[in-house]
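Both ligands and their constituent atoms are indexed starting at 1 by order of listing. Just so you know, these numbers use all the heavy atoms, side chains as well, and skip hydrogens, waters and symmetry mates.
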Amino acid sequence: MRRAMVAGNWKMHGTRSSVRELIGALLQQKLPDNVDVAVFPPSLFIAEVVQALAETSLAVGGQTCAAQAGQGALTGEIASSQLADAGCELVLVGHSERRLILGESDELVAQKFAAALAAGLTPVLCVGETLEQREAGETLQVVSRQLAEVIRVSGIAAMARAIIAYEPVWAIGTGLTASPEQAQDVHEAIRLQLAAQDAGVAQVTRILYGGSVKAANAAELFGMPDIDGGLIGGASLNANEFGAICRAAGN
Ligand code: PEP
């Protein structure tokens with residue numbers, strides 16, 4: 001039985017005061033005991049969020065990391081080992097905004113995934129197709145290729161130490177959500193891809209759905225057999241909404 005997870009990606013949002021306010025409101029939420037909850041603040045605020053959530057069960061993650069685990073001369077980057085040192089337990093790799101806007105390739109994402117594992121972090125590997133790719137019938141091919149490169153570099157066993165987030169690009173921040181059936185189809189294909197190499201790994205690896213998840217649609221999505229929770233963008237900036245999504249994952 002896989003434990004449900006809900007992760008909030010705050011992206012490049014927040015000021016010192018709004019982050020303090022959001023943490024305060026999050027601490028007021030009644031969160032279910034049977035769901036792992038994590039937040040991914042902008043790196044500038046990681047130390048503060050780690051400190052504020054220290055006495056809670058909420059985990060903190062980075063939104064990206066360098067492709068090398070150790071420190072070095074790489075201006076502006078953050079090493080996975082530095083995230084771990086700051087108290088992070090997880091890190092997002094391959095978010096579509098970084099793949100598409102910042103040009104991160106499958107190869108670079110796979111290196112970042114390996115660097116995260118090397119630092120003892122749990123990588124949350126984001127995969128997903130664009131609208132054009134979906135319309136061209138390429139969804140499963142694209143997602144499979146993104147996943148295959150990570151498995152090629154880190155090996156299938158590594159996937160049991162990671163989390164996968166299926167995030168159709170056309171559903172991110174657009175208000176368009178994949179239907180539970182559309183999402184389930186891709187989640188099932190991802191699990192079958194894992195199972196083709198290791199059935200045990202496929203059984204335990206959590207696959208989250210991301211793309212305009214809100215309290216109103218969360219329960220339906222999380223009710224699908226291969227959807228183990230959600231990666232939440234916009235709605236994670238509202239503590240009440242995020243809390244309700246976490247409770248939906250616990251039911
Ligand atoms: C995301 O960016 O990971 C995401 C899922 O965003 P949103 O929930 O806003 O669509």
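- Taking Arg20 as the reference, Glu48 meet the side-chain hydrogen bond (donor to acceptor under 3.5 Å, both in side chains) condition, with sequence neighbours excluded.
- A salt bridge does not link Arg191 to Glu188: none of the charged side-chain nitrogens sits closer than 4.0 Å to a carboxylate oxygen.
- Under the 3.5 Å distance criterion, the side-chain polar atoms of Asn217 are matched with a main-chain donor or acceptor of Ser212.
- If you look at ligand 1, the protein residues with a non-hydrogen atom under 4.0 Å away are Asn9, Lys11, His95, Glu167, Ala171, Ile172, Gly173, Gly210, Gly211, Ser212, Leu231, Ile232, Gly233, Gly234.
- Partner Asp106 forms a side-chain hydrogen bond (donor to acceptor under 3.5 Å, both in side chains) with one of Gln146, Gln111, Arg152, Arg99 and no other, that one being Arg99.
- Residue pairs meeting the ring pair (Phe, Tyr, Trp, His ring centres under 6.0 Å) criterion with at least one member in residues 117-175, sequence neighbours excluded: Tyr166-His187.
- Listed by first and then second residue, the side chain to side chain donor-acceptor pair (under 3.5 Å) pairs involving residues 233-251 are Gln29-Asn240, Gln29-Arg247 (not counting sequence neighbours).
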